[in-house]
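Accompanying notes for the structure given below.
Heads up: numbering here begins at 1 and tracks the sequence.
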Amino acid sequence: MFGQMSREYHGDLPWEACVAQLREGWLRVRRDPTLDWQDVEPLIRAFWELPE
């Protein structure tokens, strides 16, 4: 859900332009503190790269 919402918010910006901001956002909103960015980044990026 985070990846999909982030994509909608950031529009057409490339992943590389947003990844630092996305990481910081994830760390703020994650519900499970045991999940690090390295654990979820591939899933978030997969949603980010889905065709519209």
Side-chain angles (χ1 to χ4, degrees):
M1 182 178 273
F2 184 81
Q4 181 182 6
M5 291 176 64
S6 297
R7 184 65 175 149
E8 290 172 7
Y9 179 77
H10 289 287
D12 294 331
L13 291 174
W15 174 260
E16 293 77 21
C18 300
V19 69
Q21 185 176 7
L22 294 173
R23 179 185 178 277
E24 298 219 2
W26 166 256
L27 293 174
R28 279 193 312 271
V29 301
R30 66 183 171 173
R31 292 185 180 182
D32 183 349
T34 64
L35 288 176
D36 288 327
W37 176 250
Q38 295 86 346
D39 300 323
V40 299
E41 186 270 339
L43 297 171
I44 293 172
R45 186 168 186 164
F47 274 102
W48 183 272
E49 294 176 347
L50 284 175
E52 294 183 29

Item checked: Euclidean distance, Ser6 OG relative to Trp26 CH2, rounded to 0.5 Å -> 10.0 Å
Notebook entry, point to check: Would you call the rings of Trp48 and His10 parallel, tilted or perpendicular, where under 30° means parallel and over 60° means perpendicular?
Noted result: tilted
Checklist line | Transitive ILVMFWY side-chain link Met5 to Leu43, under 4.5 Å | finding: no
Next item on the list: May I ask whether Phe47 and Met1 are part of the same hydrophobic cluster, defined by side-chain heavy atoms of I, L, V, M, F, W, Y residues being less than 4.5 angstrom apart, directly or through others?
Entry: no
Next item on the list: Answer yes or no: is there a side-chain heavy-atom contact under 4.5 Å between Val19 and Trp37?
Entry: yes
Next item on the list: Check whether Tyr9 and Phe2 end up in the same hydrophobic cluster, where Ile, Leu, Val, Met, Phe, Trp and Tyr are linked by side-chain heavy atoms less than 4.5 Å apart.
Entry: no
Note to self: Rounded at 0.5 Å granularity, tell me how far CZ in Arg23 sits from CD1 in Ile44.
What the structure shows: 11.0 Å
Margin query: For Arg30, I'd like to know if atom CZ has over 12 heavy atoms of other residues, nucleotides or ligands within 6.0 Å.
Written below: yes
Margin query: How close do Thr34 and Asp39 get, counting heavy atoms only, and between which atoms?
Written below: O-OD2, 3.8 Å
